[in-house]
Amino acid sequence: MAVAKAWRFSLISANKLALLQSHNGYYSNGNISHNKHPYWRSTATASFHRKKISWSVVCGLMLFGLGLISLFTGHVASDLDWYSQHFANPSFYSRLGGGRREPIDIWKSKYSKYFYGCIERGRHFAPSVREQSSNGYLLIATSGGLNQQRTGITDAVVVARILNATLVVPELDRHSYWKDDSEFINIFDVDWFISSLAKDVTIVKRVPDKVMRSMEKPPYTMRVPRKSAPEYYLDQVLPLLLRRRVVQLTKFDYRLAINLDEELQKLRCRVNYHALRFTKPIQELGQGLALRMREMAKRFIAVHLRFEPDMLAFSGCYYGGGEKERYELGEIRKRWATLPDLSPEDERKRGKCPLTPHEVGLMLRALGFANDTYLYVASGEIYGGEETLRPLRELFPNFYTKEMLANEELKPLLPFSSRLAAIDYIVCDKSDVFVTNNNGNMAKILAGRRRYMGHKRTIRPNAKKLSALFMERQKMEWDTFARKVKSCQRGFMGEPDEMRPGRGEFHEYPYSCVCEKPFNDDDTSYDKNHHTEQVAMESVTKISSM
């Protein structure tokens, strides 16, 4: 707009300049000037001859005037834009921190106190439909490991709500890579799950015998496409449910769209963060291990290494183990027939390769965590075993796992990978800092939960930038390396402004379930007179990056 105005103004100025020059040439000392070659012609009937002016002079003056005006108006426009951004509409972070690019507190976000979880039902969110009045019974067969199944259970409740169906307690996957035959009741508090969601969806433990006897055919079984919209369920699943009374959806993981109505998103959060409560034995053991870590250190880090053979094989990455590594991971990779051939070098450049335990340790030390920091390492079988873990242990000698903290107590759970994963889940959730090493299901679920629970510090490596930096680390001093790591990690430390609608999976960024506390512009303190006000996390889209 400023350029357009400058252009119009320069044209007007040029016309005025030409007119002034014509007057100066037409009337010279009050006399009419005559010339053999008239340049300007009057619109009057009489023709007057005026002094010819050099085109180069006219064009030069016009260009000089245009440049001067554009320079002036451009500076004014840019200054006005700057002032409007910094004073008329200051960002949330600039109002709190003065807009300074301050060093990041590695243990806790200074802005976390301004946000809180908000999942209350809206006034127009109708109560659940009673079992007798529902459109039928929905059976769900989940897929994958514990946290993948958790996403399926969460979405199953929402789908039952969309269909006005009665949900039967979901069935857990017993045939996945982890070979865990645990049932829902072995991992989650089933009675709490049913009662806590009673206002949203009617849930039963099994289809009544009367209904099963009345059915002419077995339950209809189908698999819906991944990330299907609510309209798909209404158009394709509901007619079958009304006709058959019982429908089973198989391989139910990530079968519901990411973006839903806000009330349905809040329902997702009520399921994931409140209704899915672990059984009492699992809770007691997990919380007990977290307490033992807390007794040894005032605060501790939990690291989810995710450096298991299956993860590395699936990623298609290479970690320098030679032909032995290529063969072993290649054999595991054959389990997924549809995986494409990948270039390990390209995958690393794209940031798709998990960091090695040694690289995770270097990142943490570069961020500022001292070698006396206590680490809880959540992981299954580490590829390479103790040799792979040794560099991380040397960087952080206070190194603990669930096996080290609980000897006899853990033995009954050893045959059940999902229950062991639940223990890690609890300790990671209770930690002061949670560090993920990939974008897997546990990383997403825990990152979202920690954001919902007050933006507890969650660090996700910026693998794309860090991978290139690690390749060059021998060529630079430690201080230079540490400074670059801190720069790479801005925006990956779990700060509130990282979460905005449209970014990533909803389970990792539950923006509809996080609200901003009202505050006074004068002192940026919480206004207790407006405690009931809720500002949806969508307002964070207006926050400028620090």
Side-chain angles (χ1 to χ4, degrees), residues 118-143 148-172 184 188 193-207 211 219-276 445 448 501-502 505-507 509-513 536:
C118 52
I119 54 169
E120 292 76 10
R121 299 170 185 84
R123 288 179 295 177
H124 303 294
F125 196 68
S128 61
V129 178
R130 292 186 298 173
E131 181 179 355
Q132 294 78 5
S133 305
S134 70
N135 291 327
Y137 293 88
L138 187 65
L139 299 173
I140 295 291
T142 60
S143 179
Q148 188 173 339
Q149 292 182 92
R150 193 182 186 105
T151 64
I153 296 167
T154 298
D155 287 348
V157 174
V158 179
V159 169
R161 171 77 191 195
I162 292 170
L163 297 174
N164 277 334
T166 296
L167 177 66
V168 180
V169 171
E171 176 185 342
L172 301 187
F184 190 100
F188 300 106
F193 177 72
I194 294 172
S195 62
S196 63
L197 294 170
K199 293 182 179 179
D200 298 305
V201 173
T202 298
I203 305 174
V204 296
K205 294 182 179 179
R206 59 195 299 269
V207 179
V211 175
Y220 187 86
T221 300
M222 64 181 295
R223 185 187 302 181
V224 300
R226 289 177 69 84
K227 300 181 180 179
S228 296
E231 290 75 17
Y232 177 90
Y233 287 94
L234 294 173
D235 294 340
Q236 303 297 324
V237 181
L238 182 58
L240 292 169
L241 186 65
L242 292 172
R243 187 165 65 249
R244 301 291 290 269
R245 286 292 290 163
V246 182
V247 170
Q248 182 180 43
L249 304 181
T250 62
K251 289 284 183 180
F252 202 79
D253 60 330
Y254 294 101
R255 304 288 163 176
L256 184 60
I258 297 173
N259 298 319
L260 299 174
D261 173 81
E262 186 172 295
E263 287 296 334
L264 295 180
Q265 299 286 50
K266 288 181 180 291
L267 176 55
R268 267 177 165 160
C269 296
R270 288 198 290 274
V271 180
N272 202 358
Y273 305 140
H274 295 279
L276 282 176
I445 294 290
E505 299 282 353
F506 181 77
H507 295 294
Y509 299 101
Y511 51 85
S512 296
C513 307

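Not measured: the values here are computed from a predicted model.
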- Contact check, side chains of Arg161 and Leu264, non-hydrogen atoms, under 4.5 Å: yes
- What distance do Leu276 atom CG and Arg150 atom CZ have between them, rounded to the nearest 0.5 Å? 5.0 Å
- Do Thr154 and His507 come within less than 4.5 Å of each other through their side chains, counting heavy atoms only? yes
- Message: Are Met222 and Leu249 packed together at the side-chain level, in the sense that at least one heavy-atom pair is separated by less than 4.5 angstrom?
- Response: yes
- Rounded to the nearest 0.5 Å, the CZ atom of Arg121 sits from the CG atom of Leu267 at a distance of 8.0 Å
- Determine yes or no for a side-chain-to-main-chain donor-acceptor pair under 3.5 angstrom, with Thr166 supplying the side chain and Ile203 the backbone. no
- Note on the structure: Minimal heavy-atom distance between Pro510 and Gly448, with the atoms involved, is CG-O, 3.6 Å
- Pro170 vs Phe252 side-chain heavy atoms within contact, under 4.5 Å: no
- Query: Measuring from Leu163:CG to Leu138:CG, what's the distance to the nearest 0.5 Å?
  - Reply: 6.5 Å
- Query: Are Cys269 and Cys513 close enough that their SG atoms are less than 2.5 Å apart?
  - Reply: yes
- Message: Contact between Arg255 and Tyr233 at the side-chain level, heavy atoms closer than 4.5 Å - yes or no?
- Response: yes
- Message: Pair Ile119, His274 - check side-chain contact (heavy atoms from CB on, under 4.5 Å), show working.
- Response: CA-CA 10 Å; Ile119 54 169; His274 295 279; 3.3 Å; yes
- Decide yes or no on side-chain contact (heavy atoms from CB on, under 4.5 Å) for Val207 and Arg245, but give the supporting numbers first. CA-CA 10 Å; Val207 179; Arg245 286 292 290 163; over 6 Å; no
- Looking only at atom types and distance, does a side-chain atom of Lys227 sit under 3.5 Å from a main-chain N or O of Ile258, one as donor and one as acceptor? no
- With a 4.5 Å limit on heavy-atom distance, are the side chains of Phe188 and Val169 in contact? no
- Message: Do Tyr220 and Leu241 make a side-chain contact, defined as non-hydrogen atoms from C-beta onward lying under 4.5 Å apart?
- Response: no
- Message: Any heavy-atom pair between the side chains of Arg268 and Asp155 that's under 4.5 Å?
- Response: yes
- Does Ser134 reach the main-chain N or O of Val129 with its side chain, forming a donor-acceptor pair under 3.5 Å? no
- Query: How many angstroms lie between atom CD1 of Ile162 and atom CD of Glu231, to the nearest 0.5 angstrom?
  - Reply: 8.5 Å
- Can you tell me how far the OG1 atom of Thr202 sits from the CD atom of Gln132, to the nearest 0.5 Å? 8.5 Å
- At what distance, to the nearest 0.5 angstrom, does CG of Asp261 lie from CZ of Phe125? 8.5 Å
- Item | Polar side-chain atom of Lys266 near backbone of Cys118 as donor-acceptor pair, under 3.5 Å | yes
- Item | Full working for side-chain contact (heavy atoms from CB on, under 4.5 Å) between Tyr137 and Val211 | CA-CA 9 Å; Tyr137 293 88; Val211 175; 3.9 Å; yes
- Message: Just by distance, no angles: are the side chains of Gln148 and Tyr254 close enough, under 3.5 Å, to form a donor-acceptor pair?
- Response: no
- Message: One pair to check against side-chain contact (heavy atoms from CB on, under 4.5 Å): Val158 and Gln265. What are the steps and the verdict?
- Response: CA-CA 9 Å; Val158 179; Gln265 299 286 50; over 6 Å; no
